[in-house]
Amino acid sequence: MTATLYNHSLSPADAPAADTARGPCPVRSILIVGGGTAGWMTALTLSRALEGQGVAITVIESPTVGIIGVGEGSTPWLRGFFEGLGIEEAEWMPACDATYKCGITFEGWCTKPGFESYFHPFASMLDNLTMTQFVHNVESRINGADVEAHPDRFFIAARLAERRLAPKPTADFPFDIWHGYHFDATLLGQFLHRQALGRGVRYQSGHVTHASMHESGDIAAVHTREGEALTADLYVDCSGFAGLLIDKSLHTPYVSFSSNLFNDAAVAMPSPIGGSIPSETVSTALKHGWAWQIPLTRRYGNGYVYSSRYCSADEAETELRTRLGLLDADVPSRHLKMKCGRVTQHWNRNCLAVGLSQGFIEPLEATALYFVQKTAASFADVLIRGSLGEAARQHFNQQVNEHFEGTRDYIVTHFRTNSRRDTDYWRDNAANPNISEPLQKLYALWMAGKSIAGGVREQAIGKGYPVFSWYSIMAGMGIFPDPAQLRPPTPDEARYRMPEIDDLLERSATHFRDHREVLAQIPPRRTAPGLQIYLW
Ligand SMILES: Cc1cc2nc3c(=O)[nH]c(=O)nc-3n(C[C@H](O)[C@H](O)[C@H](O)COP(=O)(O)OP(=O)(O)OC[C@H]3O[C@@H](n4cnc5c(N)ncnc54)[C@H](O)[C@@H]3O)c2cc1C
């Protein structure tokens, strides 16, 4: 797998593999219920994939129910979404107050000296030069050798974030640096809406009340409060947590993640941003959850994700305001409820669910839009292949479910490995027995000082996050023997010299510029050199 995978996979322009049959599109009309980010991303993905085939795509959106309006961080995969549509950063980023994201700093999740903070980087081609050293040192340290194994020391993205540099190298730098984005969720929704209309997607305002069903159990029509009955060959549920079609009409069974992930609420509010813009999300552990801080060009987006079992909405808001210095400020807050889990069938009968209606994993790693992108792109692939049969459906649902489970397990690891003991929330998370079997196996391998790479690649757990991310989280959370138990490394364990790694990263960092400077003149797209990278 290569780093270029990020920009070329899951892009709306993806065609099916050459060895697969390409049939006529089995649907002539698609009705998407919901005009949030999921609705518009799906509309754009399908319209691009089915271009020229005369398939009518309509988005219907309630005039009275708003979009969720949060969700301001992405993974690097979003780059592939825009590139597949031929939309340049110079076009969409300024329209959405967007900034570049090198990764996420996790502050205060661990109390062990030296590990109070760590950075989860997006992997880049340059990391080929330091990934082996990182994994080697981590494996040496879990076996008791006193070697450097903190992830921040090994990855270029951490250096860039530390210096608030944009992940856009000068033209003489041979490696493409991978990155995600931060953006204003409302502006992004509006931008995607305009793009979709420009590409022939139809829009209708209307409040959906219910769906009527065929005797077979398929959806026959979607009915609106305005008295219309809308029919289509395929219905896409992008109605958010309401799940109007996939849940309320089709009653698709739901798997809750509430025993694995405790958070079910959030409070969000903006704060001013100064002259210099960071190139990272910061996620800070608070008393009963964690706070995000996301830099946009004109403000910070902040939020506190917490568990209502452990604190009230008022307590959460007060804690967040105090932290931001906004206790007495007239800054409006938004309170949200979240439901973490997934439906068992994202494609059920003649309905596909995309976005919050299909499921949600709490936003700690900002993965939700990636699920939207992946679900929509995979379904476009199904349509292009031309078969909507049972085998295709089962395969599709299994793939999406594995992606959900693998990602959930990664997020669970943040909570399960925390070493805070200051509140019941953190103590209960650390003691939570509800962890999946693959995760238990992975922890057992780690604690036995063995490599986890094979285990990650072979199981669903690797469908969520690549090998290096698993090493980063376990090492970043300081899951190592106590410092007092460490012994001097053998010559083999000490074979990589940190000054050389430092020097490489320092010299590399000189090829990057201040984030705001880069944003003022977004550089033209560079073609990735296409070097192999050790990612999965
Ligand atoms: C606290 C929090 C933080 C998040 N942070 C991130 C993040 O950093 N990164 C990330 O990728 N994701 C994040 N997410 C998730 C992200 O916000 C969503 O995945 C994304 O916005 C897509 O939402 P959606 O389109 O599925 O739903 P919504 O935005 O809720 O849109 C639902 C749509 O359905 C329509 N609708 C509803 N009822 C009806 C009806 N009866 N008739 C017609 N239309 C109807 C609405 O009008 C709306 O257009 C976060 C979520 C939460 C809760």
Side-chain angles (χ1 to χ4, degrees), residues 103-121 130-155 158 162 262 282-287 290 364 409-436 438-456 461 465 467-499 501-502:
I104 307 174
T105 284
F106 292 90
E107 287 277 352
W109 290 70
C110 174
T111 52
K112 297 177 189 168
F115 294 91
E116 296 89 347
S117 161
Y118 83 94
F119 183 77
H120 181 195
T130 52
M131 190 87 74
T132 310
Q133 292 86 324
F134 172 58
V135 171
H136 172 87
N137 278 22
V138 169
E139 289 182 352
S140 301
R141 194 169 173 115
I142 53 180
N143 282 292
D146 189 3
V147 291
E148 179 59 64
H150 194 295
D152 291 9
R153 296 290 302 277
F154 292 86
F155 298 107
E162 195 190 344
F262 299 167
V282 177
S283 154
T284 308
L286 299 185
K287 278 193 202 154
W290 59 276
L364 186 57
D409 284 349
Y410 191 79
I411 307 298
V412 164
T413 299
H414 283 282
F415 294 95
R416 189 66 168 78
T417 59
N418 95 83
S419 59
R420 294 175 67 115
R421 297 293 176 265
D422 52 332
T423 60
D424 282 347
Y425 173 88
W426 291 108
R427 284 188 289 271
D428 290 353
N429 264 299
N432 187 5
N434 299 312
I435 51 175
S436 72
L439 202 49
Q440 289 177 35
K441 281 190 193 152
L442 184 137
Y443 293 166
L445 281 174
W446 184 276
M447 298 318 279
K450 304 219 169 86
S451 167
I452 57 169
V456 169
I461 215 161
Y465 277 85
V467 169
F468 100 96
S469 284
W470 283 99
Y471 276 90
S472 291
I473 192 172
M474 297 294 280
M477 294 294 281
I479 312 300
F480 291 121
D482 278 350
Q485 292 169 355
L486 294 176
R487 55 174 169 75
T490 63
D492 180 56
E493 287 167 338
R495 70 172 182 250
Y496 295 119
R497 291 175 27 80
M498 287 316 293
I501 292 171
D502 278 338

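Thr105 places no side-chain N or O within donor-acceptor distance of the main-chain N or O of Val282, the cut-off being under 3.5 Å. In this structure, Asn143 contributes its side chain and Gly449 its backbone to a donor-acceptor pair below 3.5 Å. A donor-acceptor pair under 3.5 Å links the side-chain atoms of Asp152 to the main chain of Phe119, judged by distance alone. A donor-acceptor contact shorter than 3.5 Å links the side chain of Gln440 to the backbone of Ile435. Under the 3.5 Å distance criterion, the side-chain polar atoms of Asp482 are left unmatched by any main-chain donor or acceptor of Ala484. Side-chain N or O atoms of Asn429 include one that pairs as donor or acceptor with a backbone N or O of Tyr425 at under 3.5 Å.
In this structure, the separation between CZ on Phe154 and OG1 on Thr132 is 11.0 Å, given to the nearest 0.5 Å. One finds the CE atom of Met447 at 12.0 Å from the CD1 atom of Ile452 (value rounded to the nearest 0.5 Å). To the nearest 0.5 Å, the span separating CH2 on Trp470 from CG on Leu442 amounts to 5.5 Å. To the nearest 0.5 Å, atoms NZ (Lys287) and OG1 (Thr423) are separated by 9.0 Å. Glu116 CD to Ser419 OG: the interatomic distance, rounded to the nearest 0.5 Å, is 9.0 Å. Here the CE atom belonging to Met477 is positioned 8.0 Å from the NE2 atom belonging to His414, to the nearest 0.5 angstrom.
Considering only heavy atoms from C-beta on, Ile473 stays 4.5 Å or farther from Tyr465 through its side chain. In this structure the side chain of Thr130 never reaches within 4.5 angstrom of the side chain of Arg153, judged on heavy atoms. Residues Thr413 and Tyr443 form a side-chain contact, since some pair of their non-hydrogen atoms from C-beta on lies under 4.5 Å apart.
Taking each heavy atom of Pro151 and Tyr118 in turn, the nearest pair found is CG-CD1, 4.1 Å. When all heavy atoms of Ser140 and Glu493 are compared, the closest pair comes out as OG-CG, 3.6 Å. When all heavy atoms are compared, the tightest approach of Asp146 to Arg141 is OD1-NH1, 3.8 Å. Across every non-hydrogen atom of Ser472 and Pro121, the tightest pair is OG-CD, 4.2 Å. Contact detail for Pro489 and Val147: the closest heavy-atom pair is CB-CG1, 3.7 Å. Minimum interatomic distance between Thr284 and Trp109 (heavy atoms only, all atoms of both residues): C-NE1, 4.1 Å.
Aromatic ring orientation, Tyr471 versus Phe134: perpendicular (interplanar angle above 60°, classes split at 30° and 60°). Note on ring orientation: taking the six-membered ring where Trp is involved, the planes of Phe115 and His150 are parallel (angle under 30°, cut-offs 30° and 60°). Between Phe480 and Trp446, the two ring planes are tilted [angle within 30° to 60°]. By the 30° and 60° cut-offs, the orientation of the rings of His120 relative to Tyr410 is tilted.
For the salt bridge (Lys or Arg N to Asp or Glu O under 4.0 Å) criterion with Asp424, the lone passing option out of Arg420, Arg427, Arg421 is Arg427.
For Lys112, the NZ atom sits in a packed shell: over 12 heavy atoms of surrounding residues, nucleotides or ligands are nearer than 6.0 Å.
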